[in-house]
Amino acid sequence: MAKILAHLGALRCVEAAARHQSYTRAADELHVTQAAISQQIRHIEAVLGVKLFIRRGRNMVPTTKGRQLAAQLSWGFQAIVDGVHQIQTEPLAGTLNITTTQSFATMLLMPNLWRFHQQHPEINLRVMVSAELEDLKHGDMDVALRYGFFEESELHREVLFEEPLVALCSPKLSEHMDLSNPENLRDCRLVVDADYRQEWQTWLAQAGLDLDPDEIKWLTVSNLDIALSAVMSGHGLCLGSPTLARQMIEAGALANPSPSGSRMEFATASCTTNPPRGSNGYGYSGIGCSVWCTIPMKWINLPAA
């Protein structure tokens with residue numbers, strides 16, 4: 001690397017003073033004193049063996065050599081700024097990398113991507129399915145779409161929609177058991193995500209069933225994708241999103257046994273940034289679902305539930 005870069009501070013003084021044609025205004029921009037600007041410029045003139053500024057009246061104006069150097073310095077400093085901005089942000093055009101869950105991708109994202117393609121035909125999409133929360137700050141994903149409540153984060157978050165949870169099961173199970181009567185749930189296996197068993201107990205309490213957890217026949221799974229697969233195979237009921245399940249219900253793969261029955265309502269909440277899970281400030285009442293879009297740019301536009 002050229003030794004002249006050891007004098008980068010002095011070169012900044014040269015560029016600013018030439019651009020403003022004033023040591024005083026250069027000092028204001030660089031947050032130093034006028035005497036410091038003068039000292040740095042005298043130093044770099046001695047290093048280069050070239051006179052860069054001359055006094056003209058009350059102003060210090062660049063010489064021909066000074067203007068030539070200042071022009072190159074302005075270009076170089078701007079290139080540094082552009083390079084830093086380039087690694088911090090991406091232009092709109094390009095590939096948008098999306099991470100979401102299998103169920104969300106299959107049941108909601110893919111059927112609605114045509115809306116995005118209509119608005120942004122110049123952007124290529126890459127959708128990656130993962131049950132894990134991806135590291136958006138340091139990984140190669142741009143947008144994370146997740147269903148549920150999440151802890152606070154430094155990333156920007158936006159609620160796409162909120163809705164109640166409903167009971168879902170296979171059509172065959174719905175035909176063989178009168179699940180519109182909550183009492184019959186005593187004889188039915190409840191499929192539950194390992195981290196959200198409390199949701200079922202809250203739902204049952206709101207339905208008027210006072211069941212001891214030990215009385216319930218549980219099928220515990222690791223995530224919503226497996227839960228939906230289990231209930232479609234006839235292994236009981238799970239709590240899920242009516243929005244995600246809409247197409248499967250219409251296709252006859254899932255059923256909502258009590259569409260007008262018990263629902264765990266979600267209080268109205270405005271779009272907020274980084275709400276803590278279950279906090280009063282989030283407007284959390286009872287139990288429900290929230291679809292989060294964690295994103296550095298507002299690119300996704302999905303229909304409301």
Side-chain angles (χ1 to χ4, degrees), residues 1-99 119-126 128 132-144 151-158 272-274 293-300:
M1 189 64 68
K3 292 182 180 180
I4 190 62
L5 293 182
H7 307 284
L8 193 57
L11 293 173
R12 289 187 64 203
C13 294
V14 170
E15 190 278 333
R19 178 161 36 85
H20 292 294
Q21 294 201 10
S22 167
Y23 283 12
T24 301
R25 288 196 291 272
D28 291 339
E29 177 182 312
L30 299 178
H31 305 289
V32 296
T33 64
Q34 181 180 347
I37 295 290
S38 179
Q39 181 182 17
Q40 288 289 323
I41 290 178
R42 287 198 304 271
H43 169 72
I44 199 66
E45 286 178 333
V47 170
L48 298 176
V50 175
K51 188 69 174 175
L52 299 175
F53 289 86
I54 59 173
R55 178 172 296 278
R56 185 172 295 166
R58 300 181 61 181
N59 296 326
M60 297 296 294
V61 297
T63 63
T64 300
K65 294 289 187 180
R67 288 193 300 271
Q68 182 181 351
L69 176 60
Q72 293 298 316
L73 291 173
S74 295
W75 179 87
F77 291 148
Q78 187 60 50
I80 294 173
V81 171
D82 292 343
V84 171
H85 286 169
Q86 187 173 1
I87 67 169
Q88 289 180 319
T89 60
E90 293 184 12
L92 187 61
T95 299
L96 176 61
N97 298 289
I98 303 172
T99 171
Q119 295 179 25
H120 303 285
E122 75 283 6
I123 299 178
N124 295 319
L125 293 177
R126 174 174 169 248
M128 303 299 291
E132 304 298 325
L133 294 178
E134 302 289 341
D135 183 355
L136 297 189
K137 293 186 70 174
H138 305 104
D140 59 354
M141 292 292 108
D142 302 310
V143 179
E151 303 292 342
E152 293 186 14
S153 168
E154 297 177 357
L155 298 170
H156 172 73
R157 284 178 175 172
E158 203 169 299
T272 56
T273 302
N274 302 333
C293 177
T294 305
I295 181 173
M297 288 170 281
K298 298 178 182 178
W299 280 351
I300 297 294

Participant: Tell me the ring pair (Phe, Tyr, Trp, His ring centres under 6.0 Å) pairs involving residues 11-63, sequence neighbours left out?
Facilitator: His7-His43, Tyr23-Phe53
Participant: To the closest 0.5 Å, what do you measure between CD1 (Ile98) and CZ (Arg126)?
Facilitator: 11.0 Å
Participant: Do Asp142 and Thr95 come close enough that some side-chain heavy atom pair is under 4.5 Å?
Facilitator: no
Participant: Which heavy atom of Ala18 sits nearest a heavy atom of Ala70, and at what distance?
Facilitator: CB-CB, 3.4 Å
Participant: Which residues satisfy the side-chain hydrogen bond (donor to acceptor under 3.5 Å, both in side chains) test with Thr24, sequence neighbours excluded?
Facilitator: Gln34
Participant: Which residue pairs pass the salt bridge (charged side-chain N to carboxylate O under 4.0 Å, His left out) test when at least one of the two sits in residues 65-74, sequence neighbours left out?
Facilitator: none
Participant: Out of curiosity, Ile41 CD1 to Leu11 CG, how far, rounded to the nearest 0.5 Å?
Facilitator: 10.5 Å
Participant: Please report the closest heavy-atom contact between Leu30 and Ala16, naming both atoms and the distance.
Facilitator: CD1-CB, 4.2 Å
Participant: Which atom names give the shortest non-hydrogen contact between Ile44 and Ala10, and what distance separates them?
Facilitator: CB-CB, 4.0 Å
Participant: How close do Asn59 and Gln21 get, heavy atom to heavy atom, and via which atoms?
Facilitator: CB-O, 4.0 Å
Participant: So, using salt bridge (charged side-chain N to carboxylate O under 4.0 Å, His left out) as the criterion, who are the partners of Asp28 when residues are at least two apart?
Facilitator: none
Participant: With rounding to the nearest 0.5 Å, note down the distance linking CZ in Phe77 to CG in Asp82.
Facilitator: 13.5 Å
Participant: Report the C-alpha distance between Leu48 and Leu69 in whole Å, list the side-chain angles of each, state the deciding distance to 0.1 Å, and finish with yes or no for side-chain contact (heavy atoms from CB on, under 4.5 Å).
Facilitator: CA-CA 11 Å; Leu48 298 176; Leu69 176 60; 4.0 Å; yes
Participant: Which pairs, with at least one residue in residues 8-17 and sequence neighbours excluded, count as a side-chain hydrogen bond (donor to acceptor under 3.5 Å, both in side chains)?
Facilitator: Glu15-Arg19, Glu15-Ser74
Participant: Calculate, to the nearest 0.5 Å, the distance between atoms CG and CE belonging to Asn97 and Met141 respectively.
Facilitator: 4.5 Å
Participant: Output every pair passing salt bridge (charged side-chain N to carboxylate O under 4.0 Å, His left out) with a member in residues 35-50, not counting sequence neighbours, ordered by first then second residue.
Facilitator: Glu45-Lys51
